[in-house]
Amino acid sequence: MFERMKLGIQDRTKGLDETIGLELLKPTKIYARAILNLVKNFNIKGLIHITGGGFLDNVPRILPERCRAVIQRGSWPVLPVFKVLQAGGDIEEMEMFRVFNMGIGLMIIVTERECPEIMERLVALGEEAYLIGAVDKRDPAKRLYASCEPMKRIVKLGVLVSGSGSNLQSIINHIEKGLLDAEIRMIISNNPRLCPGEGKKTRHSLHRPGAPGFVTREDFDRKMIEVFNISGVELVIMAGFMRILSPLFLNAFPMKIMNIHPAVLPSFPGMHAQKQAFDYGVKFSGCTVHFADEGVDTGPIIIQAIVPVYDQDTDEILAQRILKEEHRIYPKAIQLYAEGKLYVVGRKVLVKDHKQVDPHPLHNPPSSVFRCTKRKSRDDDPCSC
Ligand code: GRF
């Protein structure tokens, strides 16, 4: 491989501190002292060197038949030499994990309860230790004993609500079902009467900064920035928040504030969007998840969903139909963010790895008021009156 890269053992390459030769000749680390200490003091379930054969061949050797190991790629810093090898040999990441140890010399299986203490002990003994995965039940029908999966990034949310909180509840449900890699760090409601989230089956707490206590919008927003920062919020979710955010707040979370609007933007921005669309006589309406900017419902669009408007609808029926779609697309947009798949380029939000959706155009929804099945001839289109 180094020949292919036109590098000799005396050469240096970007990313490595030493020459290629010295880097490859670094001696094996001996873990005996640390292991003896752990074995004496803790309930160690398994120990294994990760040698040639990488994670996938080595790890199953110490697992009972009914178990599998899930290794999280990205949970430790891969040694630079492996990055050089991977790039030089144009090798797929999974293949690297199949063959090399990627910097993990020894794996120790411990109980979840003892894990924090063991980590502390290893650090005290001068070792570099990482929590790199978990042992799980194995599906006996599958031959999968070990897998290396990309590490899940859990995005920390701060949610802003004013209304009934059904979008908030849908986000909570998606998190609890494992469909959304997010964690709600803080919920703020500016509505002193309504308490979304309360009384519902949730372990997420609700905070009300007490809107009447703040003289200006900036005061209120400053408080929100403070509490969000303290709770480590990365992404702000406006879920029916009936307050305009000040530039102060927007600048504190640039392109990190999402909003949901119950219409297909840029049509019908602002209040009572469902009624606006219904009264206008549209045949389709829907909802939009977008990043917030200084305008009212004007920020770059992430996802939209469309629903039909039927003749016999009322604006309330339409609002309910739209709300159902809101509950579907908001968690989806947040998940795309969590997976790092959203790129904002000017007004456009590009979605990485976006799958092609059904390209069929939409026509009028069927009319129940006028039914006309007349066809002038066999080749005519059905009458659209
Ligand atoms: C939703 O229709 C949302 O689109 C709008 O406010 C409403 C909030 O509803 N911005 P809920 O409080 O989530 O039930």
Side-chain angles (χ1 to χ4, degrees), residues 157-176 179-180 182 184 186-202 204-209 211 224 235-245 249-250 253 256-280 282 284-309 313-335 337 349:
L157 307 180
V159 187
L160 300 175
V161 282
S162 307
S164 69
S166 71
N167 273 291
L168 165 63
Q169 189 61 51
S170 153
I171 291 167
I172 292 171
N173 294 346
H174 278 75
I175 293 174
E176 289 181 349
L179 300 171
L180 177 52
I184 298 182
M186 170 78 70
I187 301 166
I188 293 180
S189 169
N190 70 330
N191 185 337
R193 280 175 296 111
L194 295 176
C195 306
E198 266 179 3
K200 293 178 183 161
K201 196 173 154 271
T202 167
H204 306 288
S205 54
L206 173 82
H207 296 259
R208 277 172 290 171
M224 291 205 299
L235 180 68
V236 177
I237 299 298
M238 296 169 81
F241 190 56
M242 306 303 278
R243 254 178 104 94
I244 295 183
L245 297 170
F249 192 88
L250 291 162
F253 295 96
K256 286 182 176 152
I257 306 172
M258 283 187 190
N259 182 37
I260 187 145
H261 182 73
V264 184
L265 290 171
S267 296
F268 313 116
M271 299 287 283
H272 310 300
Q274 305 95 324
K275 186 166 173 10
Q276 286 187 55
F278 183 79
D279 291 347
Y280 197 89
V282 296
F284 291 95
S285 189
C287 45
T288 305
V289 181
H290 64 95
F291 284 114
D293 66 7
E294 290 193 22
V296 175
D297 304 321
T298 52
I301 292 170
I302 304 166
I303 301 188
Q304 294 186 305
I306 306 295
V307 302
V309 184
D313 281 346
T314 61
D315 57 339
E316 283 96 7
I317 293 174
L318 176 62
Q320 280 310 312
R321 194 175 298 133
I322 293 173
L323 195 60
K324 225 168 137 195
E325 282 302 296
E326 293 183 31
H327 297 164
R328 196 176 63 81
I329 66 168
Y330 215 173
K332 229 178 198 178
I334 301 168
Q335 181 61 21
Y337 183 95
V349 180

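Every number for a ligand or one of its atoms is a count from 1 in the order of the listing.
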Decide whether an N or O pair under 3.5 Å exists between [X] and ligand 1.
{"X": "N167", "answer": "yes"}
{"X": "A239", "answer": "no"}
{"X": "G165", "answer": "yes"}

Could you tell me which non-hydrogen atom of [X] sits nearest to which non-hydrogen atom of [Y], and how far apart they are?
{"X": "F278", "Y": "V309", "result": "CD1-CG1, 4.2 Å"}
{"X": "L235", "Y": "I257", "result": "CD1-N, 4.4 Å"}
{"X": "A305", "Y": "I329", "result": "CB-CG2, 3.8 Å"}
{"X": "L157", "Y": "A182", "result": "CD1-CB, 3.8 Å"}

*Please answer whether the main-chain N or O of P308 pairs with a side-chain N or O of R321 as donor and acceptor at a distance below 3.5 Å.*
yes
_Just by distance, no angles: are the side chains of N167 and E326 close enough, under 3.5 Å, to form a donor-acceptor pair?_
yes
*asked:* So for C287, does at least one of its heavy atoms come nearer than 4.0 angstrom to any atom of ligand 1?
replied: no
*Is there a heavy atom in V161 that sits closer than 4.0 Å to ligand 1?*
no
Which residue owns the protein heavy atom closest to [atom], what's the atom, and how far is it?
{"atom": "atom 4 (O) of ligand 1", "result": "E326 OE1, 2.8 Å"}
{"atom": "atom 8 (C) of ligand 1", "result": "G240 CA, 3.5 Å"}
{"atom": "atom 10 (N) of ligand 1", "result": "I260 O, 3.0 Å"}

*Just how far is it from atom OG1 of T298 to atom NE2 of H261, taken to the nearest 0.5 Å?*
11.0 Å
*Could you tell me which atoms of ligand 1, counted from 1 in the order shown, lie closer than 4.0 angstrom to a heavy atom of G163?*
12 (O)
